[in-house]
Amino acid sequence: MSHWLYGFPHIDSDTLFLIKHRIDDGFRAFTGAYGDGISAFFLPLDRFLIGVDFVLTKTPWPIVILAFAGLIWLATHAWRIVLSTVVIFVLIGLFGMWNDTMLTVAMVVVATTLSVVVGIPIGIAMSRSDVLQRVANPVLDVMQTMPSFVYLIPVVMLLGIGRVPGLIAVVIYAIPPVIRLTNLGIRLVDRDILEAADAFGSSGWQRLLNVQLPLALPTIMAGINQTIMMALAMVVIAAMIGVEGLGQPVLQAIANQYFTLGVFNGLAIVGIAIVLDRASQAYGRRLQKHIDVQHA
Amino acid sequence: MPEDGTVIGVSIRGLYKVFGPNAAANIERARGGIGKAELLDRHGHVLALRNISIEIPGGGIQVIMGLSGSGKSTLVRHINRLIDPTAGEVIAGGRDVTAMSPRELRAFRQTKTAMVFQKFALLPHRTVLENAAYGLKVKGVKRAMRHAAAAEWIERVDLKGFESRYPHQLSGGMQQRVGLARALANDAPILLMDEAFSALDPLIRVDMQTMLLKLQKDFRKTIVFITHDLDEALRLGDQIAVLRDGEVIQQGTGQDIILRPADDYIARFVRDVNRGRVIKVEAVMQPLREPVAADEARITMGTSLEDTARFLSQSGKTVALVADAAGRPVGRVDAGQIMFAMVAHDRPSF
């Protein structure tokens, strides 16, 4: 009599099956028709990724370490961070994970670059239009809460297995913070300073480049920092669709219950995360030096 | 002097500003004389400015004075159209600012106006030199040229040596001098100053007023100075307009306002002013009735009562001859008249 109270009365299974099938078939048809074209579109990304891979893995390791140390010194002016970077990289090398680490770093670098290049303009557009902000915010919410594995499915259907689909899945997962915080940073810029820029006859571009972006930069850097961290997390998951790097041994370790292999590679990921996090945060703080004091 | 050598005046005619979603429809109510409070309560619109007409002559300092909420900051923002009027026009240098296209408006702001703000509004990530050069940068002046011009103005506002500092490393008074240098480097004939010195300590404020008056002697810009401080208004203003609840209630020189306050509100306002410093000797002198003697003390027109009194007491006389700029005697003044004029008469004696 009241069995419908105990089992939720759902759409009947045949219809549900049909809906899912229709959508999947539609997507497959779309993939069949446009998959090659889309692959061709992403070819430059593949080239870029291969290039960065090549530079990081084929350059002698001392030069790579020196280059990283130099870059981080330029960005942070903090010896402690430079020193920890060198120590972490040397340890990773000693434990035989150098090559995988370089592949992962390459992926994170390319994914972050792509996220920044795509995300900042979107964030700027959002800051200028309340309508766009209202539309984009729920989309970003979905992007951030959707289980990351789900992104792998359409990407694989569309582009197959490999580096580029992995990269795209990583970017989709990692891009929301940089978009959100660009939008937020620009919206928080002091109205009085914007008014002054207007009073001197600044054009929209001059306002953006001279006032809004520089004053929003510390906030944007916080977004980029989060994007880097999320990209790093997703790179490991993207190993499931053939992305090379530290994620592969971790998958292998799960499948074969190799505890130590998993832990070593996991620690290598933690090491990179620490380096990238501290370096990007310290860089953000340096940018903030003259901006923040005034608010205090 | 402005680069093109011109001095331009500004005339504000029949200006109304109503804030609210349907300002245009509510302007007729305002024209019909509805009160500010009623418009807000019954129709949900804020009447910020009502029928403002001010003729600002070129090359002088026009002070617009009023308490907070009187609409003075809203009014000054109509001159460079940071705020669009609901009705009325603003004519500057023969052109109606309210009718300009966005491109024309930008050019107008770049070349004809400069502005100084109460909260300084400097760019925190730029050095003092770069801040002072900002207006020129917007205009597209080459880096070397704009930095040279900015450096010159930084020196004129006594900030030499601080060019490479950042705003947060300076005191409030110094920051506002950067704001002033930024506005002056723009070399525009109209200078808008929105409570420019209100955020500064009293002593620094007086120093800044002195600096402004000194600079104004050289360049004769058309300055519109917003303030809530009567002493500041009287010290700086060639002309003063008093604003209350979005309406001009009196216009004139400082002396006019003190000697002939338009209503009780202004009378109460000016009661505690040092009248001896504002009122000029010619306002109280008597016409010449007796012939001029050779040994009479002489004082020039335009001298304040305070200075005249000091002069009399130092020279040991009780009567002085008032002469015009060419030295011709035009009247006499005695110590009793000065004393009488220096105290207000509208307040109870005890």
Side-chain angles (χ1 to χ4, degrees), chain A residues 74-77 120 124 127-131 181-182 184-224 281-296, chain B residues 73 76-77 79-83 100 102-128 130-140 164-170 172 175 178-179 182-183 185-186 188 190-195 199:
Chain A
L74 283 179
T76 65
H77 284 217
I120 288 183
I124 292 170
S127 73
R128 307 194 141 204
S129 150
D130 288 340
V131 176
L181 286 159
T182 301
L184 181 71
I186 291 179
R187 281 175 186 267
L188 288 181
V189 168
D190 190 341
R191 298 237 160 262
D192 292 328
I193 299 179
L194 281 178
E195 189 180 46
D198 284 341
F200 283 93
S202 307
S203 66
W205 272 110
Q206 286 171 328
R207 236 164 85 109
L208 183 68
L209 295 180
N210 292 326
V211 184
Q212 290 175 309
L213 281 182
L215 295 192
L217 205 52
T219 313
I220 296 175
M221 269 313 295
I224 294 176
Q281 276 196 31
Y283 180 59
R285 270 199 301 279
R286 246 163 48 83
L287 289 176
Q288 215 154 344
K289 206 168 89 191
H290 296 299
I291 297 174
D292 220 28
V293 189
Q294 211 176 43
H295 295 307
Chain B
S73 288
V76 75
R77 280 168 174 69
I79 296 175
N80 58 359
R81 224 176 98 193
L82 286 173
I83 298 179
M100 287 179 180
R103 178 192 291 265
E104 288 171 328
L105 182 61
R106 269 209 310 280
F108 172 76
R109 287 172 176 170
Q110 285 173 9
T111 56
K112 300 290 187 245
T113 67
M115 197 162 179
V116 184
F117 298 86
Q118 179 174 12
K119 292 183 196 150
F120 322 139
L122 301 174
L123 294 172
H125 61 294
R126 296 278 174 80
T127 62
V128 166
E130 289 165 338
N131 265 292
Y134 184 74
L136 299 173
K137 179 177 175 165
V138 168
K139 271 200 247 187
S164 53
R165 300 288 184 92
Y166 286 86
H168 70 85
Q169 297 170 314
L170 307 182
Q175 288 189 40
V178 179
R182 172 174 68 176
N186 211 28
I190 301 171
L191 182 59
L192 307 174
M193 304 186 71
D194 180 25
E195 300 233 27

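Just so you know, these numbers use all the heavy atoms, side chains as well, and skip hydrogens, waters and symmetry mates. Lettering of chains follows the sequences in order, A, B, ..., and the numbering in each one begins at 1.
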Working to the nearest 0.5 Å, report the span between [atom1] of [X] and [atom2] of [Y].
{"X": "B:Leu82", "Y": "A:Leu194", "atom1": "CG", "atom2": "CG", "answer": "11.5 Å"}
{"X": "A:Glu195", "Y": "B:Lys119", "atom1": "CD", "atom2": "NZ", "answer": "10.0 Å"}
{"X": "A:Ser202", "Y": "B:Arg106", "atom1": "OG", "atom2": "CZ", "answer": "9.0 Å"}

Which heavy atom of [X] sits nearest a heavy atom of [Y], and at what distance?
{"X": "B:Lys137", "Y": "A:Gln206", "result": "O-NE2, 4.2 Å"}
{"X": "B:Arg182", "Y": "A:Ala196", "result": "NH2-CB, 3.9 Å"}
{"X": "A:Ala199", "Y": "B:Asn80", "result": "CB-ND2, 3.9 Å"}
{"X": "A:Pro214", "Y": "B:His125", "result": "CB-NE2, 3.2 Å"}

key: Between A:Asn210, A:Val211, A:Leu215, the one whose heavy-atom pairs under 4.5 Å with chain B are most numerous   = A:Asn210

inquiry  = Which one wins on heavy-atom pair count under 4.5 Å against chain B: A:Leu287, A:Asp198, A:Leu217?
reply    =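 Among A:Leu287, A:Asp198, A:Leu217, the one with the most close pairs to chain B is A:Asp198.
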
request  = Quickly, which of B:Leu136, B:Thr113, B:Asn186 forms a side chain to side chain contact (heavy atoms under 4.5 Å, CB included) with A:Phe200? Name it, please.
outcome  = B:Asn186

key: Neighbour count above 12 (heavy atom, 6.0 Å) for B:Tyr166 OH   = yes

query = In terms of heavy-atom proximity below 4.5 Å to chain A, should B:Arg103 be classed as side chain, backbone, both, or neither?
reply = neither

inquiry  = Run A:Asp192 and B:Gln118 through side chain to side chain contact (heavy atoms under 4.5 Å, CB included) and show every step you take.
reply    = CA-CA 9 Å; A:Asp192 292 328; B:Gln118 179 174 12; over 6 Å; no

